[in-house]
J.: 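The structure under discussion is supplied below as structure tokens; questions concerning it will follow.
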There are 2 protein chains.
Amino acid sequence: MRRERYKWAIMDNGQLKLENQFCFRLYSAARLMMGAYHPYLDPLGITYPQYLVLLVLWEQDKQPVCDIGKRLLLDTNTMTPLLQRMEKAGLITRTRGKEDTRQRIVSLTKQGRALYEQAQHIPEDMRKAVMMPESKMEEFLQMIPLLDQLIEALKKLNA
Amino acid sequence: MRRERYKWAIMDNGQLKLENQFCFRLYSAARLMMGAYHPYLDPLGITYPQYLVLLVLWEQDKQPVCDIGKRLLLDTNTMTPLLQRMEKAGLITRTRGKEDTRQRIVSLTKQGRALYEQAQHIPEDMRKAVMMPESKMEEFLQMIPLLDQLIEALKKLNA
DNA sequence: TTTATTTATATCGCTTGCGACATTAAAATA
DNA sequence: TATTTTAATGTCGCAAGCGATATAAATAAA
């Protein structure tokens, strides 16, 4: 009994409590945020990761799998099945690279390109839905450079 | 051509670019952060979500599934299989509730409790590994109240 | 030019996460 | 008490993620 209390005193400073877990907050916020996209992505028939792929392709069509993966920080073991599903859904095509025959060039179909118009309102709608008091916006945006720093540090760490 | 440019001008203000996606940052940071836990969780033979369950049980043993789920913001369709795997791994037991026979009371096994000691160093190790310059710590911690606000807003939104 | 190495993609297996739905028991209401 | 509603758990199916591993093509090195 006394040993238990002693152990607590020297070992546990509360860092193993859920409330003190920075990562849990990140993990929860990310999950809930993806959930908040549902009302806007369901009508388009796409998931959030598929939306991310489309964002990349809308910026620049006809990219090899690895380039898209680099933007999204996802490896091919995630990208390939994801893209296969999008191909089956008629949003993209995957053709062999001409110069580098190993590559798969991902291109938007007419349908995939058409979704761009329907997606226009999403960022604004999400902003309104989530960061309800408009005044809070600036506070939330403060996180962006911090998240970017964190991501850069983690990219190196996981490399 | 001119129509394209016009459309761009009125519809696209760059919000559909990946760099302007707040959620993508959250999503990436959360994934990379979980990846950063691997070196510390693999030796314990647990995954990050399993670690979260243990955090909750280490705070308070013998809880029904729904209470753990409420803490982790996860529904039973996620919790049940997760707990079944943890039971199979010998970390917990799942017994029927006495007062409320619908409930499954989740209890730590000796093995599950023993992991508490081995987990003591994890928070500090993660901090050192990820937020490398100690000076940056305070900046990162600024995100906590903002993430909490965001999570609360999203909980209501997804409810 | 062989040979070794790296790169791009893919497959397999397993854990999560979650929408949809089913089941049973507790609680509330008629 | 009988009935309705709610709550706790579970199953099913599918989309992600990701470690491990395979394959083939491009590149570098010997």
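Per chain, numbering begins at 1; letters A, B, ... match sequence-line order. In what follows, every heavy atom counts, from backbone to side chain, and hydrogens, waters and symmetry copies are set aside.
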J.: Take A/L74 and A/T101, find for each the nucleotide of DNA chain D with the closest heavy atom, and name the residue whose nucleotide sits nearer the 5' end.
T.: A/L74
J.: Mind listing the closest non-hydrogen atom pair of B/R25 and A/I151 along with its distance?
T.: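 Closest approach of B/R25 to A/I151: O-CD1, 3.5 Å.
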J.: Donor-acceptor pair, distance only, cut-off 3.5 Å: does the side chain of B/T109 make one with the backbone of B/L91?
T.: yes
J.: At a heavy-atom distance below 4.0 Å, what parts of residues 29-65 of chain A sit against DNA chain C?
T.: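 A/R31, A/H38, A/P64, A/V65 - these, ordered by number, are the residues of the stretch whose heavy atoms sit under 4.0 Å from the strand.
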J.: Can you find a donor-acceptor pair, distance only, under 3.5 Å between B/R102 side chain and D/dA7 base?
T.: yes
J.: D/dT11 phosphate, OP1 or OP2: any side-chain N/O from B/T80 under 4.0 angstrom?
T.: no
J.: Using atom NZ of B/K88 as one end and atom P of C/dT16 as the other, report the distance to the nearest whole Å.
T.: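 So the NZ-P distance, B/K88 to C/dT16, works out to 12 Å.
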J.: If you compare every side-chain N and O of A/Y27 against the phosphate oxygens of C/dT16 (OP1, OP2), does one of them come in below 4.0 Å?
T.: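 Answer is no, no contact under 4.0 Å.
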J.: Expressed as a whole number of angstroms, how long is the span from B/D75:CG to D/dG13:C1'?
T.: 16 Å
J.: Taking only side-chain N and O atoms of B/Q84, does any of them lie within less than 4.0 angstrom of OP1 or OP2 on D/dT11?
T.: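 Yes.
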J.: CG of A/D100 versus P of D/dT27: gap in Å, rounded?
T.: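 These atoms are roughly 6 Å apart.
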J.: Check the distance between D/dC18's P and A/K155's NZ and give it to me in whole angstrom.
T.: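 Those two atoms, NZ and P, are 14 Å apart.
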J.: Is a side-chain donor or acceptor of A/Y27 paired with a backbone partner of B/P49 at a separation under 3.5 angstrom?
T.: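 No, because the side chain of A/Y27 does not come within donor-acceptor range (under 3.5 Å) of the backbone of B/P49.
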J.: Would you kindly compare A/P81 and A/E99 by the position of their nearest DNA chain D nucleotide and give the one closer to the 5′ end?
T.: A/P81
J.: Return yes if some donor-acceptor pair links the side-chain N/O of A/R31 with the main-chain N/O of B/L73 below 3.5 Å, else return no.
T.: yes
J.: Considering only heavy atoms and no angle criterion, is a donor-acceptor pair shorter than 3.5 Å present between the side chain of B/N77 and the base of C/dG19?
T.: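 Yes.
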J.: Are A/L72 and A/I105 in one and the same hydrophobic cluster, where Ile, Leu, Val, Met, Phe, Trp and Tyr link if side-chain heavy atoms are under 4.5 Å apart?
T.: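 Looking at the clustering, A/I105 is in a separate group from A/L72.
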J.: Does D/dG10 have its OP1 or OP2 closer than 4.0 Å to a side-chain nitrogen or oxygen of B/R94?
T.: yes
J.: Using modelled atom types and a 3.5 Å cut-off, is there a donor and acceptor pairing between side-chain atoms of A/Q15 and backbone atoms of A/N20?
T.: no
J.: To the nearest angstrom, how far is A/I68 atom CD1 from C/dT9 atom C1'?
T.: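 After rounding, the gap between these two atoms is 13 Å.
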J.: Which whole-number value in Å describes the distance from B/L83 CG to C/dT16 P?
T.: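 Those two atoms, CG and P, are 10 Å apart.
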J.: Using the rule given for salt bridge (Lys or Arg N to Asp or Glu O under 4.0 Å), can you reason through A/E87 versus A/R104, listing the C-alpha separation, both sets of side-chain angles and the distance that settles it, and then say yes or no?
T.: CA-CA 12 Å; A/E87 185 174 44; A/R104 283 281 201 166; 5.7 Å; no
J.: Could you state the atom-to-atom distance from CZ of A/R85 to P of D/dC14 in whole Å?
T.: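 To the nearest whole Å, that distance equals 12 Å.
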J.: Any side-chain N or O of B/R104 below 4.0 angstrom from OP1/OP2 of D/dA8?
T.: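 Result: no.
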J.: Between atom CD in A/Q103 and atom C1' in C/dT7, what is the gap in whole Å?
T.: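 So the CD-C1' distance, A/Q103 to C/dT7, works out to 9 Å.
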